[in-house]
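Below is one structure; the comments refer to it alone.
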Amino acid sequence: MNTFMTILSFIFAQEDPAETASAAGKAIAVGVGGGLGAVGAGVGIGIIFGKVIESVTRQPEMRDEITSIQWLGFALTEACFFYGLVSGLIALFLA
Amino acid sequence: MSTTRKILFGAVGVWLLFVIIGFTGILGSAPRNEEFAPDEEFAIPSWIDLPGQLDINRAVLYLVISALLTCITMVYIANRMQARPNRVQTAVETLYTLMRDNITRGNMDDKMAKKWFPFIGTLFLFIWFNNLIGFIPLPTAAHHVEVFGLEIPAFALYAATANISVPLVLALMVFIAYTAEGIRHHGPLGYLKSLIPAGVKGGMAAFIFVLEVMSNIMRILSLSVRLFANMLAGHMIILFMSGGLAIILGMAGLGFALLPIGLALYLFEVGLVATLQAFIFATLSAIYLGGSVAESH
């Protein structure tokens, strides 16, 4: 544990262990919130556009209808990334 | 080699030159900048003090501008409608058709669509203008720069929708609207009953009811946070990519290296996200309004 704290205080350039742990926790919060959120949203957006390509090639006459639903799905999926990011930012600035 | 390609190669060459010069440290380098706080770019200091919480600040200015823009442009174009439309009228007519047919009529029956189209349309246009003027640099920043002895506020990108309170109020408005419409249609008890899907009985119904009430409350949160976080994250990433990171870390080369990414993200935000978020907000409001009067879902 002591070595871990030493490494952390080296990274964050702070003397007080409690403050170091707090800074590390905030950094982890932003990283996990933004990073894992981006992973999930990225997979979801990939699935949506993949399915859109698939269905437009199957039924080209449905293209207009599919396009409008596609943007709805895209924005709803993309928003999930921001839920994670915002909770990370809340931890960074308000905690 | 065509002229466009020559210009492109020239631009890339100049950019590379600046990146290399920046990283060699000729332009000077500074230690980590502790004074620059990125969250101050989104702070809203009070400009005119009014009693209570009614202070005028930059968010209020943006709201007023976009409200005026929504009213004036649309009324002006509506008053100058011609049988043979010019380009602007065609664009606005396309927008009108999108709002009326796709957003409103696509999600509720015709009688309701007639009643609620003005609300949904105004919501769409207001949020859209709000998002778009957020990408025009206006002299509203909290810090000042000196130009020939004159103190003027620095130009800044800011959107009223990048502040949680504005989307939250809009989302609450939508929540109240669809709850009131549902209660008017079903009656107070009938509305609560209509939350439970048909064919669910007994203990399961109580469980589903709690879930549905929770999801109704979560709708306020998701509707407001979606718009707010999209705009805030968009502005933030533009800020960091086009100079913010270079200033914080004190590396000139990084600023040049990241500038193209900043430009690309700016175009992405203006071209797609600003319109898409307004569209999503209006569409979801229409879906919620239509769903609240549906018999049972």
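Quick caveat, the model's predicted, so the values are computed rather than measured. To find a chain, count down the sequence lines: A is the first, B the second, and so on, and within it residues start at 1.
Contact tally against chain A (heavy-atom pairs below 4.5 Å) for B:Ser222, B:Gly106, B:Ala233: the top residue is B:Ser222.
Only the side chain of B:Leu284 has a heavy atom closer than 4.5 Å to any heavy atom of chain A. Contact annotation for A:Leu85: only side-chain heavy atoms (C-beta onward) come within less than 4.5 Å of a heavy atom of chain B. Of the two parts of B:Leu227, neither the backbone nor the side chain holds a non-hydrogen atom closer than 4.5 Å to a non-hydrogen atom of chain A. At a 4.5 Å heavy-atom cutoff, A:Phe81 makes no contact with chain B through either its backbone or its side chain.
Between B:Phe228 and A:Val86, the shortest heavy-atom contact is CE2-CG2, 4.2 Å. When all heavy atoms of A:Ala75 and B:Gln277 are compared, the closest pair comes out as CB-NE2, 4.3 Å.
No more than 12 heavy-atom neighbours from other residues, nucleotides or ligands sit within 6.0 angstrom of CE on B:Met218. By the neighbour-count criterion of 12 heavy atoms within 6.0 Å, atom CD of A:Glu65 is sparsely surrounded, having that number or fewer from other residues, nucleotides or ligands.
Taking the side chain as every heavy atom from C-beta outward, B:Ile280 and A:Trp71 never approach each other to under 4.5 Å. A heavy-atom distance below 4.5 Å is not found between the side chains of A:Tyr83 and B:Leu221.
Atom OG of A:Ser68 and atom CG of B:Leu98 lie 9.0 Å apart (nearest 0.5 Å). Expressed to the nearest 0.5 Å, how far CG of A:Leu76 lies from CZ of B:Arg226 amounts to 5.0 Å. Distance check: A:Leu72 CG to B:Asn102 CG gives 11.0 Å after rounding to the nearest 0.5 Å.
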- Message: As a quick check of understanding, evaluate side-chain contact (heavy atoms from CB on, under 4.5 Å) for A:Phe82 and B:Val225, giving each step before the final call.
- Response: CA-CA 8 Å; A:Phe82 292 111; B:Val225 167; 5.7 Å; no
